[in-house]
Amino acid sequence: MPQELPSQYDPKAIEKKWFEFWQSVPLFHAVVTKDKKPFTIVIPPPNVTGILHMGHALNNTIQDILIRVKRMQGYEALWMPGTDHAGIATQNVVERQIAKDGLKRQDLGREKFLERVWDWKNSYGSTIIHQLKKLGATCDWPRERFTMDEGYSEAVKEVFVRLYEKGLIYQGDYIINWCPRCQTALADEEAPRKDLAGKLYYIKYPIKVSPGRQAATPPEKRLKSSIVHRPSSINYIIVATTRPETMLGDTAVAVNPSDKRYKGLIGKTLILPLVEREINIIADRSIDKEFGTGAVKVTPAHDTNDYAMGKEHDLEFINIMHPNAVLNSNAGKYEGMDRFEARKAILEDLKERNLLVKIEEHRHAVGHCYRCHTIVEPYLSKQWFVKMKPLSKPALEAVKNGTIKFTPKRWTKVYLNWMENIRDWCISRQIWWGHRLPVYYCKVCLSGEQNEGNGVIVSRVKPDKCPHCGNTDLEQDPDVLDTWFSSWLWPFATFGWPFGEQKTEDGRQKTEEKKKELKYFYPTSVLVTAPEIIFFWVARMIMAGYEFMGEKPFSNVYIHGTVRDEEGKKMSKSLGNSIDPLKIIEQYGTDALRFSLISTAASGSDIYLSAERFEQGRNFANKIWNASRFIMMNIKDGPIGAEIDINNLKTQDAWILASLNDAIKKVTKSIDSLKFNEALNVAYDFFWHKFCDWYVEIAKFSIDDKNTKECLLYCLKQSLLLLSPFMPFITDEIYSNLPGEKPQALAVGNWPVVKKEFDDKIAIVVMQLVFSTVFSLRNLRAELNILPQTSARVRLSTTTKKKKQFESVLALVKRLANISELEVTTQVGQVKNSLSALVDKDTHLYLLLESLADAEKEKVKIDKQLADLIKQKHSKETMLANKEFIKKAPEAVVERERKRVIELSGSIKRLNEVRDAFA
RNA sequence: GGGCGCAUAGCUCAGUUGGUUAGAGUGCUGCCCUCACAUGGCAGAGGCCGAAGGUUCGAGUCCUUCUGCGCCCACCA
């Protein structure tokens, strides 16, 4: 019952109630509906290991607002939910779990380990989904997908096979980012570089002296060069490296062919220290003469750049490490040492032999595993790749020609730049949790006896036998696919693509329905996501959309900001600076969380958050609560929910209805242009500062009036509707408690629309006059410390026109400002024993007093006002005197300025008369 | 090394295509516990819109340079 509502809004019980209610109604389930337009969003699937953080909260609140608004606007709005299997992350979680029992995944074996992961997923994998529901997300929950559920896995397989058959997937040797801890390859994007304070070591590589010959070139020839290093006089070359341990795998030293210092040395042989292997000096144009000594040790198996050189110069590739970054037998006496141990040992040995020339401090960027932060090892291995160039073409074109738009626009460039320089995508991962490659090997063929067929079979199902030799002993590739290789299919695979073969009639029918759904809901409307996954995910989805559906996956990409703390650092668990959204929900309520997040988040800019920020949301929820409480208390007996009698509106009624129209217009427009903070702030301002601060206060004067009640109720309802996408819990709760309403979710088909009959410009002007008058009087009172309770006697001096307009609101002004006598006159001049204030350009207010305490003070005040007006007038006159301005500025602007000057002249004249009365 | 972004009130930020006297929240000051709300009301103080040039009748808004931050990309070993 309304009158029993507590005076403070307590979100807990109410949120729980609506959370449960929303789960129980089918309102958020979208189906193909011919006469409705579809509006589709696919959720960026959070990791199954995910726990709701502020980034999620922001991302999903935005999506929820969009989907709620569109649903209210009558679209068939579908928000597809689901989770991502998150290969490495999930495997890590379970590995940590079994590590407590002293087990490694290898101890369990692949099958048993995967069972454990599935167990984990089944018990904990829905945590994030539950949390999203708590956030109020109105996803189409029955449609929830998982990137490793059965149907989805079919899509992944299908895509791999299709791309392979098209020649876009290949297996190749390559230097990849290898995480020695996770024991898997990482894509470039998964191995972000961090600047580290490292060291640059200068090491001598002795030049081999052929028996019977002296140094390679006569020293004097090189002395002409002004360069410091003179390798001739000393029989070695100095190389600079940040990773001395890799020297064990050196197979050359490279210099720039144009480098005069080393001119005669190209082609000569060096003795690789410690290993005592002979390597050659080669010339390569990629070498920077300015860096280090201009001579580079080349380790083709352990450096991307060196790998390229190795290929070009046909060098030997010596891998010196095991996959766990422990040196292997190629490392000689260092075998068995970890890479960093080996570095130490090697440096010791070099020092001992006097081969370590110097050590410099050197900052450089080193790749780190994005999951465990281990320094990645550039590692030569056989991996699977996708050729990206052909896929990128339509995806580039779509963004260039505006078929797909980014908001804010600036991300377009970032996207295009990456796409234009796209590199092949390493998609194999040496982990167990994920989609296993649909690749099978025939050992017989691989052994090389057969010429046809290379022993590699790519197939949707495991073949019974090798198509080439008939061998039945086939083995599936142990690797799994990069997680993004499944998520790039998200916008269509979630609908059941590629639909497979159905054996039963029933199955076929279901498939037909699913196909219709895909046709209806795809392409999706807006993708809402964070900037850091533009490359990982957005770009790849666009490519997949065109490749497999022949159509864009979405029309708009909305990139929101990164959530940061007060110091601008990205919020993350490892930094310990994160504000837990669940705690905020606990403390302030979900609506408060949503409100504060969105009102802070200007389109696309990063969000700096502090916990206090959420008080604003809490306060607003409380305001909504109490205003509603007040209205409900006052309308409980009256005839309610009938039509507003439009022919019988008071000025204030007309004003609030016109203002409401304006708010609806602005909120709708802002949401359409994805400016959520703007939309929310308009709704906020309307509700609090127009409706509550003014209208509700005014309504108290005629609270028994039927039309007043109707207006109150109507504006409240419309406000709740406008606010409901942002603050769904409290708005549903209040709306459902309003007279004549049933418990319901404000979900479908009731978005407020502008009503032309409520547009009333005059009411706005008149009410503005009311507000200014009240405002001026309050101001005077505050100055004089006259309490508002004390009733005042006031005279207003204004124009004939305004005097007339004022007639309808005289009583209103009197009550609002507590005025016992109010006289409106067109006369000007100082009124005896009064204080004056400027209400507007041609209205003066006089507060009549028993006596005037300080006439001088009053004169000073008037002089100040006068000076200000004269200054304004002067600046406008200067502007108007400028012929260029008259000539070039739009007529409307010139006209407006002219009008202002006239107004100002009038004000100055009036004010002068007031002032003269003092003299 | 390239690219992008940001500098507006003490703090956190808005400010549409250039056009009245630059806004909000929060904090601060003063007065009010008035029967919806002190998580509230009323009033107030507080801005050379980072610096210097330029374009324009007119610049917080457009251009150039500089300064200070931040982010992304890149194989300087």
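Note on naming: letters A, B, ... go to the chains in the order of the sequence lines (proteins, then strands), and numbering restarts at 1 for each one. Everything numeric here is computed off the predicted structure, so don't read it as measured data.
- Side chain of A:F535, nearest nucleotide from B:rC72, B:rA36, B:rA77: B:rC72.
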Please list, for nucleotides 26-32 of chain B, all pairs of protein and nucleotide N/O atoms separated by less than 3.5 Å.
none

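- Along RNA chain B, the nucleotide nearest to A:R778 and the one nearest to A:V696 differ in position, and the one closer to the 5' end is contacted by A:V696.
- Among residues two or more places apart in sequence or in another chain, the ring-ring contact (aromatic ring centres under 6.0 Å, His included) test is passed with A:F771 by A:W655, A:W694.
- Ion pair A:E895/A:K899 not flagged as a salt bridge, since none of the NZ, NE, NH1 or NH2 atoms sits closer than 4.0 Å to an Asp/Glu carboxylate oxygen.
- Between the side chain of A:K700 and the base of B:rA36, a donor-acceptor pair under 3.5 Å is found.
- Judged by distance alone, the side chains of A:D693 and A:H689 do bring a donor and an acceptor atom under 3.5 Å apart.
- OP1 or OP2 of B:rG25 lies within a sub-4.0 Å distance of a side-chain N or O belonging to A:H689.
- Comparing A:K876 and A:N681 against RNA chain B, the residue whose closest nucleotide sits nearer the 5' end is A:N681.
- A 6.0 Å sphere centred on NZ of A:K700 holds more than 12 heavy atoms belonging to other residues, nucleotides or ligands.
- Distances from the side chain of A:R423 to the nucleotides B:rG25, B:rA74, B:rA14 place B:rA74 closest.
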For nucleotides 17-19 of chain B, tabulate all protein N/O to nucleotide N/O atom pairs closer than 3.5 Å, reporting atom names and distance.
{"residue": "B:rG19", "atom": "O2'", "partner": "A:R896", "partner atom": "NH2", "Å": "2.7"}

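- Residue contacts for A:E697: at a heavy-atom cut-off of 4.0 Å it reaches a base atom on one of the strands shown.
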Below 3.5 Å is the cut-off: list the nitrogen or oxygen pairs between protein and nucleotides 1-9 of chain B, distance only.
{"residue": "B:rC4", "atom": "OP1", "partner": "A:K413", "partner atom": "NZ", "Å": "3.3"}

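- Residues in residues 588-599 of chain A take part in these salt bridge (charged side-chain N to carboxylate O under 4.0 Å, His left out) pairs, two or more places apart or across chains: A:D64-A:R594.
- The closest donor-acceptor contact from the side chain of A:N882 to the backbone of A:T878 lies at 3.5 Å or more, if one exists at all.
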Given Watson-Crick and G-U pairs under 3.5 Å, RNA chain B in dot-bracket ([ ] crossing, | other strand) is (((((((..((((.....[...)))).(((((.......))))).....(((((..]....))))))))))))....

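- Across all strands shown, A:F775 has heavy atoms under 4.0 Å from sugar-phosphate atoms exclusively, and none from any base.
- Rounded to the nearest 0.5 angstrom, A:D840 CG and A:L845 CG are separated by 11.0 Å.
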